[in-house]
Amino acid sequence: MMEKAIIMAGCAIGAGLALIAGIGPGIGEGNAVAKALEAIGRQPECKGDVTSTMLLGCAIAETTGIYGFVTGLLLIFVAPRIFIGLL
């Protein structure tokens, strides 16, 4: 019984730590958009180039948050069943 509680606690702590990965992309994307808006404000004629580059960078940055989210979901819903099934 104590083993199951330890496994569940470890999975919950791991999921919480994995979901912290969503903070980085949020900050990074906010900075990217701010800098893109500054660049467009200085040179409005390069709006298309700046916007497309910013969107590509935001999409790549968002993948790290998605990986953390998927890892957290796996630790919450899948890992406890696997580990408890092994006991």
Side-chain angles (χ1 to χ4, degrees):
M1 191 66 162
M2 187 64 161
E3 297 88 9
K4 290 182 182 182
I6 292 172
I7 289 172
M8 295 297 286
C11 288
I13 291 170
L17 292 174
L19 292 177
I20 290 175
I23 295 172
I27 293 170
E29 288 173 24
N31 287 337
V33 171
K35 296 298 180 181
L37 290 175
E38 286 179 19
I40 291 170
R42 284 192 213 113
Q43 294 182 346
E45 65 274 1
C46 68
K47 178 182 178 184
D49 293 337
V50 171
T51 302
S52 62
T53 304
M54 179 202 62
L55 289 175
L56 178 64
C58 285
I60 291 171
E62 188 64 32
T63 59
T64 58
I66 293 171
Y67 290 147
F69 179 67
V70 169
T71 303
L73 287 177
L74 289 173
L75 283 170
I76 291 172
F77 295 110
V78 178
R81 291 187 184 136
I82 291 173
F83 291 133
I84 290 173
L86 291 176
L87 292 177

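Only this structure's heavy atoms are used, side chains among them; waters, hydrogens and symmetry mates stay out.
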Single-linkage hydrophobic cluster, 4.5 Å side-chain cutoff, I82 and L74 together:
yes

Contact summary for A15 and G72, nearest pair of heavy atoms
CB-O, 3.7 Å

Tracing side-chain contacts under 4.5 Å among Ile, Leu, Val, Met, Phe, Trp and Tyr outward from I6 reaches M2

If I compare all heavy atoms of A61 with all of E29, which pair ends up nearest, and what's the gap?
C-OE2, 4.1 Å

Other hydrophobic cluster members with V33, side-chain heavy atoms of Ile/Leu/Val/Met/Phe/Trp/Tyr under 4.5 Å, chained?
L37, M54, L55

Who passes side chain to side chain contact (heavy atoms under 4.5 Å, CB included) against A79, sequence neighbours left out?
C11, L75, F83

Check which hydrophobic residues are tied to I20 through side-chain heavy-atom contacts below 4.5 Å, counting indirect links as well, and list them.
I13, L17, I23, I27

Residue pairs meeting salt bridge (Lys or Arg N to Asp or Glu O under 4.0 Å), one or both in residues 41-56, sequence neighbours left out, come to E38-R42

Listed by chain and number, what are the side chain to side chain contact (heavy atoms under 4.5 Å, CB included) partners of F69, not counting sequence neighbours?
L19, L73

Apart from V50 itself, members of its ILVMFWY cluster (side-chain separation under 4.5 Å) are I40

Nearest 0.5 angstrom please: I84 CD1 to M8 CE, how far?
5.5 Å

